[in-house]
Amino acid sequence: MSGTQLVELILNGLITGSIYALVGSGIALVYGTTRVLNFAHGELMMLPGYGFLMLAVTLGWPVLLSAIATLVLVMVLGGLIQRVTIAPLLNREDWAFQVVAATIGLSIFLQSAAQLIWGEQFQGVPYFFSGVAVIGEVRMPWQRIAILLIALLVMGLCGLVLYRTQIGRIIRATAQDAEAALAVGIPSGRVHTMVFAISAGLAGTAAILLSPLVTVSPWMGASYLLKGFAVVILGGLGSFGGAVAAGFLLGLIESFGVAFVSSEWSSVISFIFLIAVIWARPEGLFAGRGQ
Amino acid sequence: MLRLEDVSVHYGATRVLWDVSMEVGAGEIVAIMGPNGSGKSTVLKAAMGLKKPSSGVVTLDGEALQNRPATVRPQRGMSIVLERRRLFPRMSVEENIMLGGYARKAAEARETCKWVLDLLPEIKPHLNATAGKLSGGQQQMVAIARGLMANPRVLLMDEPFLGLSPAMVKTVCSIMQMINERGVAILFNEQNAKLSFSMSHRGYLLESGRVVLSGSGEEMLDHPEVKRVYLGIREAAA
């Protein structure tokens, strides 16, 4: 393998990993704060995919405006889903199973609704960054480089909010002990809603960045949901920082794996790695960090 | 000041409190004593709004609070030190303490923090430490500091001596008395009758979710039933 190929493999791994990190960190944030595993998280990726397609392609809005509007809408939707579907269940006994059932139901409902509204065809969004970056012998489309840079920027901002602001402190306090947080006056119900909104925003960012590379369809989020869960387990359940690191690691492993076998094996490689990690280190690779 | 009138609480179909009535006056230390599972912690949680009563009234200075969210209590001058400290374990001691003043303006919280650290100077060297890594006694100090950050008029303390060494129990007792001398009323629960009633102005004995006895601390200690069951003293036959 030449040095150029190696650099391209690393870059591709980081780019794929940045999407896994965006999706996985959203799931981890919700699980870490509310102990809810959101099986409808994939649809919080699919819906902004369609939202962005409608605004940027169908209506012809500028890309940046479309992206911002899509993110705002999906964050509101994420908050609403928490308020309407999940919050009413949290006071019940045995809520954990009920929430899993409710989010699976919601996922099926949203996929079916998308099929009815937009049909079953796969729809494309044009590249919003044209051209190819050339560094020495390494060539990489700007669209792919932008994915990595924007994902890093968004996750960096999230990290900054979580660890350097009062909002972040109240989210972390609620994650660590919701009743103790309530006792000092932190409205943990609202914090849960806010966390769902942020998580939806992270999924929405992934969808917008990916939409020119993969087609938008009602099933767009399904495979990323599974990868997101893998990232959450690898990173240590509920760890935001762990999920980010695990996302990049999984991307790199897939990238190096498909250098030697067919790309159709990428998911097989990911899940073999996941099983190996669960076997050797069930608490995850980065458990306890970044929670 | 703080009153609970005929408060009942259910966990699912199980009733754990039966028409409990209690009162804490301004500047008082009041103890709730009872065996394991008697509902002592539930009384405090019902007062603090962490567990909604199925019936009954909770008032603070005449304001009914039983239907208000728990988040209102710190704003009204009530806070709680939860059982087993319940700090935010992966946050720093300073973050834990400052979050205790969440309901207050930042400048007021900073002022109270100075007062709290003067009262509990043992905490100062550990402000940047991770709260979960402190010893049990140090964690209890931080939990009390966090409770005081709301500048409460009534401080609820759920089993404040649980898991502490005898020396630390003495320290926490004297801290509670210092806090009380500064005008803060304290309602706490404890399983040790002697400890509970010797340091309190008044006390309640709770059994199976019902108040079975109440009186001043001295009266409670002198009561034959308390002596026999909880202090293991048999009075000589006349």
Side-chain angles (χ1 to χ4, degrees), chain A residues 28-29 31-34 83 87-96 98 159 161-195 235-242 283-284 286-291, chain B residues 10-14 41 44-45 47-52 68-92 94-104 106 109 130-133 142-143 145-152 155-158:
Chain A
L29 193 59
Y31 183 79
T33 312
T34 66
R83 277 274 145 197
L89 300 176
L90 294 179
N91 291 327
R92 298 187 186 180
E93 284 179 44
D94 212 9
W95 61 266
Q98 294 184 27
V161 168
L162 277 177
Y163 297 103
R164 292 282 180 271
T165 67
Q166 180 71 348
I167 288 174
R169 273 187 282 277
I170 66 171
I171 290 174
R172 284 187 294 136
T174 306
Q176 290 174 31
D177 192 330
E179 190 179 53
L182 194 62
V184 298
I186 295 170
S188 47
R190 273 186 230 164
V191 173
H192 289 177
T193 306
M194 185 163 60
V195 162
L237 282 174
S239 162
F240 178 84
E283 72 275 22
F286 311 102
R289 290 172 205 173
Q291 289 186 322
Chain B
H10 288 75
Y11 284 107
T14 311
S41 294
L44 297 186
K45 285 190 175 182
M48 194 63 199
L50 299 174
K51 182 70 194 158
K52 198 173 185 310
R68 307 292 308 275
T71 49
V72 165
R73 267 67 163 188
Q75 295 162 14
R76 299 288 191 274
M78 199 167 148
S79 69
I80 187 167
V81 178
L82 291 163
E83 185 181 345
R84 295 188 186 277
R85 281 73 79 178
R86 302 276 294 274
L87 298 178
F88 305 119
R90 293 181 295 279
M91 297 176 83
S92 73
E94 187 175 13
E95 283 178 313
N96 266 276
I97 294 173
M98 290 310 289
L99 279 170
Y102 171 79
R104 308 182 62 207
T130 305
K133 292 189 175 164
V142 178
R146 189 175 72 182
L148 290 175
M149 282 296 292
N151 201 18
L155 180 65
L156 313 182
M157 300 180 83
D158 195 354

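So that the names make sense, note that chain A is the first sequence line, chain B the second, and so on, each numbered from 1.
The two residues A:Gln176 and B:Phe88 make their nearest non-hydrogen contact at OE1-C, 3.1 Å. When all heavy atoms of B:Ile80 and A:Ala183 are compared, the pair lying nearest together is CG2-CB, 3.6 Å. Of all the heavy atoms in B:Tyr102 and A:Ile170, the pair that sits closest is CE1-CG2, 3.6 Å. Of all non-hydrogen atoms in B:Thr71 and A:Gly185, the two that sit nearest each other are CG2-O, 3.3 Å.
Here A:Ile186 contributes atom CD1 and B:Leu99 contributes atom CG; the two are 5.0 Å apart, rounded to the nearest 0.5 Å.
Under the salt bridge (Lys or Arg N to Asp or Glu O under 4.0 Å) criterion, A:Glu179 pairs with B:Lys45, B:Arg86, not counting sequence neighbours.
With hydrogens and angles ignored, the 3.5 Å screen pairs no side-chain donor or acceptor of B:Glu95 with any backbone N or O of A:Arg169.
Only the side chain of B:Met48 comes within contact range of chain A, judged by heavy atoms closer than 4.5 Å. Neither the backbone nor the side chain of B:Pro69 has a heavy atom closer than 4.5 Å to any heavy atom of chain A.
Other residues, nucleotides and ligands contribute only 12 or fewer heavy atoms inside 6.0 Å of the CZ atom of A:Arg190.
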